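In what follows, a structure is listed as structure tokens, so that the remarks can point back to it.
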Amino acid sequence: MTGAKALWATLAAHGINTVFGYPGGAIMPVYDALTYYPEVRHILARHEQGAIHAAEGWAKATGQIGVCIATSGPGATNLVTGLADAMMDNVPLLAITGNVARHLMGTDAFQEADITGITLPITKHNYVVTDPDELPMIIAEAIRIARSGRPGPVLVDIPKDVQLAAFHGELVRPQATPEMPAPRPEAIAAALELLKSAQKPVLMVGGGAQGASKEITAFARAWQIPTITTLMGLGAFPASDPLWLGMPGMHGSVAANHAISQADVLIGFGLRFDDRVTGRVKDFAPQAQIIHVDLDAAEIGKIVRAHLPVRADAAQAAVALTGDAVPFERPEWNAQLAEWKTRGEHPTTWGAAQAVRQVVARLRPDDILTTDVGQHQMLAAQLARFEKPRRWLTSGGLGTMGFGFPAGLGAAMAEPQVTSIVIAGDGGFQMTAQELATLTKYDIRNVKICIINNSYLGMVRQWQELFHEKRYSEVYLGDSNPDFLKLADAYNIRGWRADNSGDLESAIDAWLSHDGSALLEVVVPNEHGVFPMVPAGAALYEMIENEPVKVPDLGEKMNTLASNTAVSEVSSERKTEASP
């Protein structure tokens, strides 16, 4: 047995049956050894970034570890964005890279890069394997680290000669994941006292609590606490529950942001209180005593002061806090929350909001919704209603354009029995559009791609309009966007297009009912923004609730006329309802 064979044997022993990757010179012995392990399915992506985002999608949908593989040098460095993304969003990930032979390391050999040095700040841990006999132990340890505690990515770099060397060691059995820390009884007792004294309590649930959805939902219902789910926490609490207030932060709901601003006790489970959630930090929850429940002690008190830190597993803490529940009866507070829920309505005129609303309205409870990054992402987060955890996949912390499509592809392969719906913008989709080839190669039939095409980098345009005096710099895409239906057809994928509300419903029907993966392009006006919105540096209670009425000046009228003319010219060439 060689080091390369020992790698595949170890992965198989750990129950890993799917990896995403792209071969190259320094990882070639590993790919040669793969032919001896048919129990492990390898998915050939068209770019290493596509491979790692697909592995992220697999992990986010299942809660299990995602695995990707790449060669040295440019192959390894193409994984960097995905590693940073996984680190920010706590995704359990194992990245395996090849490297030049040990005697060439440090000599600037062909396709050499110090990938462990490069990725040290954006991985939970990383390794260089220098002894083939240690390879199974390192892989087992990497998997354990990636999955335990606060999950994250781990990188294992294997020099080419280590892959080729004879293996004389022992294969390692899967290591048990360490038990999650239980909350200290005195912390639970103090939290109970705070909760019992609250007049305006609020519960915030973050992405770190996706695995504790059942326990946290029971806790919230037992106490009757109004509940907010962050961008990464969507689905951890059922949206149909009357207690749900929506999402907080920069594009959060009016109810969520005002509730935070007036709460007297705020309890947060598994969240970082990042800048997009808090707004101006000194005015975040100014009246509240904050109880922060988190596994990672480094996150407690890092951004906002935690009056009561509880370092513990979210599920265990929720169970401990549920036993002595005293349901809240706060009619005035509840009435105020109900009034806030009626505010911040989206426009009903034709545009991105209406398009996204009609798409997410078709979601079934088990469907997976994956987004790219931008206006469509925030609209989907505002408008979709999730009843289960791990049905919403997006790039939260890093905000990675190009994430949505390959992540949705990976999720679709993890759960082939459900529909994986991808909502992307015309800009972000083009960053990883080559993964359409992966759909075709493996005949993946449960991915439905919706491109919201406003001919702009929409979110950047919105900020330029609001905060840069409408100086639209390098955001217009309409003069060079491809014909997305022709692009889909080039990969033998069926496509539909709608550019008005009257045609959208029938296009969605055809798109979703098609037997196989399909693409839907929705052409929308470019001038619409996403609201509510908290401007950068403002407090949550200073949010702009509705889109301002626009009175375009002459220059704006001319720009709009030029843009609309360009779009009309393109649209006139795209009258076919479906691709051939």
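What you see is a predicted model; the values in this text were computed from it and never measured. We use all heavy atoms of the structure for the numbers below, so side chains are in, but hydrogens, waters and symmetry mates are not.
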Can you classify the ring geometry of F429 versus F405 as parallel (below 30°), tilted (30 to 60°) or perpendicular (above 60°)? tilted

Does a side-chain N-to-carboxylate-O contact under 4.0 Å join D264 and K200? no

The test is salt bridge (Lys or Arg N to Asp or Glu O under 4.0 Å); show your working for K388 and D366 and say whether it passes. CA-CA 8 Å; K388 295 181 176 183; D366 287 332; 2.3 Å; yes

Quick one: are the ring centres of F237 and F386 less than 6.0 Å apart? no

Taking NZ, NE, NH1 and NH2 as the nitrogens, is one of them in R364 or E387 under 4.0 Å from a carboxylate oxygen of the other? no

Taking Q210's backbone N and O only, do any of them form a donor-acceptor pair with S213's side chain (distance below 3.5 Å, no angle check)? no

E56 CD to T370 OG1 distance, which is reported to the nearest 0.5 Å: 11.0 Å

What I want to find out is whether R272 reaches E299 closely enough, with some N-O distance under 4.0 Å, to be called a salt bridge. no

What do the steps show when you test D241 against R221 for salt bridge (Lys or Arg N to Asp or Glu O under 4.0 Å), and what is the final call? CA-CA 9 Å; D241 195 295; R221 288 171 173 169; 2.7 Å; yes

Short N-O contact, R362 and D509, less than 4.0 angstrom: yes

Can you tell me how far apart CG (N257) and CD (Q262) are? Round to the nearest 0.5 Å. 12.0 Å

Can you run down the ring pair (Phe, Tyr, Trp, His ring centres under 6.0 Å) pairs that involve residues 270-289, sequence neighbours left out, and say none if there aren't any? F273-F284, F273-H292

Under the side chain to side chain contact (heavy atoms under 4.5 Å, CB included) rule, collect the residues that match up with A325, sequence neighbours excluded. A222, W223

Those residues at least two apart in sequence (or on a different chain) that pass side chain to side chain donor-acceptor pair (under 3.5 Å) with H346 are Q382

